[in-house]
**Student:** 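Could you have a look at this structure, given as structure tokens, before my questions?
Since this is a predicted model, take the numbers as computed values, not measurements. Along the sequence shown, residues carry numbers from 1. Start at 1 and go down the list; that is how both ligands and their atoms are numbered.
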Amino acid sequence: MSDTYLQLVSGGVPATIAKKLGLPRPVRLRRTDPAAVDRPLTPGPVLVLSDEASTADADAVAEGLLGWDLDVHRALRLGDHARWGAVVVVLTGLTHPAQLAAPALALTPALKQMAAGARVVTLSRPAPPAGGAGASDPAVAAARQGVDGFLRSLAKEMRAGATANGLVLAEDVEVGAPSVRGGLRFLLSARSAFVDGQLLPVGAGGAEPADWARPLDGVVAVVTGAARGIGAATARVLARDGAHVLGVDVPAAGESLAAVMNEVRGTALQLDITAPDAAARILAAARERYGHLDVVVHNAGILRDKLLANMTADRFEGLLAVNITAPLRMNETFAAPGTLGGQGAAPRIISLASTSGIAGNRGQTNYGAAKAGIIGMTRALAAPLAAAGGTANAVAPGFIETDMTASIPPVPREISRRGSSLQQGGQPVDVAEAIAFLASPQAGGINGQVLRVCGQLMVGQ
Ligand code: NAI
């Protein structure tokens, strides 16, 4: 579905009027362009800042960025008309919140010289969980937790499609680790257009792909609900990145499914995911066609919105059956040892949650329960998948322009659309890019996490 307001205010007199009236002024986001794969990773030079204790790490990060043919600077000098494409703020050595002031204030002048679609990315260490073991010095914990509030607030101040996100490196993970470089590259790139205000924990594991443009070469992935919306976009992006795709959807959507699968040279499988033998049939189809199955994307889902006061059993139970019971049942097969992965590809299970499952949403008690359930399921799968050398993660979209959200009444739809820091809904491709990233070898250090693709939706996050 198209966003007419965004098209209207993206330039000229309407843009000026919107500015004068203090109305939202969303801009077109920097997204990947299949016709320009050799476009630079960032829309301008990259500045690497740090607190004093993190200088060595910052030097290592800058060195690594040079390997990606970027124009990297360690100080603020920039030509008169140049604009920063990204600022990476290395805070891995923070031991007291007061140390955050220097790098934050060093960022101040750079923020006035950012390119459209620029990125700020912080690298920091995790604060210890409440009552948890490990680093329990209150000042260290305050400094590390402080990065969270700093980053989320900064993201709300970014303009012109620029975003701010962070990677939170596990204690034993170096800044040059493949998982950190993979996460950094994703956050700097156009692939993360609608990811904003988020700190993503990164552990050890993962590997840099042989070819960054085709990280999924030879991987076999199944996408449920692939006939339209986010599922169809996911099939396209996975195929672009080199994967063979098996697309699943209900028989009623057979024609659109066939069209999408023809486009990506994939395989169509008409199947209702609530069928008790759904996983067995998917596995059999993948093995027959490709010899193995590596990546499962649990994307199929439905909406049955009603206030709980007016809820009916068929709406509540019917939604749970598709959105959570079916993925749970299918994972009994997919997560069993030796089922996923083959020919060098690691097992991956990626499930579609929703910001409604994190913050809750009026009229969505059924949907919120199912989508929060997806998050619980993902966390529980992390350990068994890790034991098999793989990962299980969830992607939580906010408001994405699809047929599903087109069915929301106009006023709440417009409020949801403008309620993110980027003042617009995301496109299906934005969610697809996040899914493809989590499926890739460079994301092997991210496990049991929820990656929001919501433009920092104001509700709850
Ligand atoms: P959509 O309604 O456009 O597409 C969903 C697809 O799933 C359809 O092709 C449908 O036929 C298929 N499907 C439904 N039930 C099925 C079943 N029992 N078996 C096989 N296929 C089935 O939905 P959209 O917007 O693309 O959403 C995809 C996923 O993303 C869903 O899980 C949704 O809950 C989630 N999501 C979407 C958001 C959005 O703003 N569009 C926000 C948050 C989460």
**Student:** For atom 18 (N) of ligand 1, what's the nearest protein heavy atom and its distance?
**Tutor:**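 Of every protein heavy atom, D272 OD1, 2.8 Å lies nearest to atom 18 (N) of ligand 1.
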
**Student:** I need the nearest protein heavy-atom contact for atom 44 (C) of ligand 1: residue, atom name and distance, please.
**Tutor:**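 Looking at atom 44 (C) of ligand 1, the protein heavy atom closest to it is Y367 OH, 3.1 Å.
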
**Student:** Go through ligand 1 atom by atom and flag the ones less than 4.0 Å from a non-hydrogen atom of V250.
**Tutor:**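 Those atoms are 11 (O), 16 (C), 17 (C), 19 (N), 20 (C), 21 (N), 22 (C).
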
**Student:** Any idea which protein heavy atom is nearest atom 19 (N) of ligand 1, and the distance to it?
**Tutor:**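 For this ligand atom, the closest protein heavy atom is I273 N, 3.0 Å.
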
**Student:** For atom 42 (C) of ligand 1, which of A406, G398, A300 has the closest heavy atom?
**Tutor:**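 Result: the heavy atom closest to atom 42 (C) of ligand 1 is in G398.
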
**Student:** To the nearest 0.1 Å, how far is atom 3 (O) of ligand 1 from its closest protein heavy atom, and which atom is that?
**Tutor:**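 Answer, as residue, atom name and distance: R228 NE, 3.0 Å.
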
**Student:** Decide yes or no on side chain to side chain donor-acceptor pair (under 3.5 Å) for R289 and T267, but give the supporting numbers first.
**Tutor:** CA-CA 8 Å; R289 181 81 171 78; T267 305; 3.3 Å; yes

**Student:** Under 4.0 Å from ligand 1, counting heavy atoms only, is it the side chain of L271, its backbone, both or neither?
**Tutor:**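 The answer is the backbone.
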
**Student:** Do me a favour and list the nearest non-hydrogen protein atom to atom 27 (O) of ligand 1 with residue, atom name and distance?
**Tutor:**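 Going atom by atom, the protein heavy atom closest to atom 27 (O) of ligand 1 ends up being I230 CD1, 3.8 Å.
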
**Student:** Apply the side chain to side chain contact (heavy atoms under 4.5 Å, CB included) test between L352 and each candidate in T234, V297, N323, I374; give the one that qualifies.
**Tutor:**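 Testing each of T234, V297, N323, I374 against L352, the sole residue satisfying side chain to side chain contact (heavy atoms under 4.5 Å, CB included) is V297.
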
**Student:** Considering only non-hydrogen protein atoms, determine which one is nearest to atom 40 (O) of ligand 1 and report residue, atom name and distance to 0.1 Å.
**Tutor:**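 Answer, as residue, atom name and distance: I400 N, 2.9 Å.
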
**Student:** Say whether N393 and Q449, considering side chains only, have a donor N or O and an acceptor N or O under 3.5 Å apart.
**Tutor:**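 Looking only at side-chain atoms, Q449 and N393 do not form any donor-acceptor pair under 3.5 Å.
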
**Student:** Scan side-chain atoms only and decide if Q364 and S356 contain a donor-acceptor pair under the 3.5 Å cut-off.
**Tutor:**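 Yes, side-chain donor-acceptor contact under 3.5 Å.
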
**Student:** Which ligand 1 atoms, with their elements, are less than 4.0 angstrom from a heavy-atom of G225?
**Tutor:**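 Listed by number with element, the hits are 6 (C), 7 (O), 12 (C).
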
**Student:** Look at E332 together with R329 and state whether they make a salt bridge at an N to O cut-off of under 4.0 Å.
**Tutor:**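 A salt bridge is absent here (no side-chain N lies under 4.0 Å from a carboxylate O).
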
**Student:** Which atoms of ligand 1 have any heavy atom of T405 under 4.0 Å away?
**Tutor:**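 Those qualifying, in numeric order: 39 (C), 40 (O), 41 (N).
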
**Student:** Please find the pair of heavy atoms, one from P384 and one from A380, that lie closest to each other, and give the distance.
**Tutor:**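 Here P384 and A380 meet closest at CD-O, 3.3 Å.
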
**Student:** Minimum distance, heavy atoms only, to atom 31 (C) of ligand 1: which one of N299, L457, L352 is it?
**Tutor:**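 Among N299, L457, L352, the closest heavy atom to atom 31 (C) of ligand 1 comes from N299.
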
**Student:** Using a strict 4.0 Å cut-off to heavy atoms of G229, name the atoms of ligand 1 that fall inside it.
**Tutor:**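 Once the distances to G229 are compared, the set is 26 (O).
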
**Student:** Side chains of E433 and T32: any donor to acceptor distance under 3.5 Å?
**Tutor:**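 There is such a pair between these side chains.
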
**Student:** Would you call the rings of F334 and H298 parallel, tilted or perpendicular if under 30° counts as parallel and over 60° as perpendicular?
**Tutor:**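 The arrangement is tilted - the two ring planes meet at 30° to 60°.
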
**Student:** Could you please spell out the steps behind the side chain to side chain contact (heavy atoms under 4.5 Å, CB included) verdict for L199 and N165?
**Tutor:** CA-CA 6 Å; L199 289 121; N165 293 289; over 6 Å; no

**Student:** Quick test: of every protein heavy atom, which one is nearest to atom 10 (C) of ligand 1, and how far off is it to 0.1 Å?
**Tutor:**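 I find the closest protein heavy atom is D249 OD1, 3.4 Å.
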
**Student:** Could you tell me whether ligand 1 has any atom less than 4.0 Å away from a heavy atom of K371?
**Tutor:**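 Yes, K371 has a heavy atom closer than 4.0 Å to ligand 1.
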
**Student:** Quick one: which of N361, L457, V453, V450 gives a side chain to side chain contact (heavy atoms under 4.5 Å, CB included) with T355?
**Tutor:**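 Between T355 and the candidates, side chain to side chain contact (heavy atoms under 4.5 Å, CB included) is satisfied uniquely by L457.
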
**Student:** Who gets closest to atom 5 (C) of ligand 1 by heavy atom: G357, G301, P397, G231?
**Tutor:**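 Nearest option to atom 5 (C) of ligand 1, by heavy atoms: G301.
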
**Student:** Can a non-hydrogen atom of T224 be found less than 4.0 Å from any atom of ligand 1?
**Tutor:**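 It does not; every heavy atom stays at 4.0 Å or beyond.
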
**Student:** From F150 CZ over to S124 OG, what is the distance, rounded to the nearest 0.5 angstrom?
**Tutor:**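 With rounding to 0.5 Å, CZ (F150) is 11.0 Å from OG (S124).
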
**Student:** Heavy-atom contact check, 4.0 Å cutoff: does A353 meet ligand 1?
**Tutor:**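 Contact check A353 vs ligand 1: positive.
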
**Student:** Please work out whether any backbone atom (N, CA, C, O) or any side-chain heavy atom from C-beta onward of T402 is under 4.0 Å from ligand 1, and answer side chain, backbone, both or neither.
**Tutor:**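 For T402, the contact with ligand 1 is made by the side chain alone.
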
**Student:** For the CG atom of D277 and the CD1 atom of I282, what is their distance to the nearest 0.5 Å?
**Tutor:**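 Atom-to-atom, D277:CG and I282:CD1 are 9.5 Å apart.
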
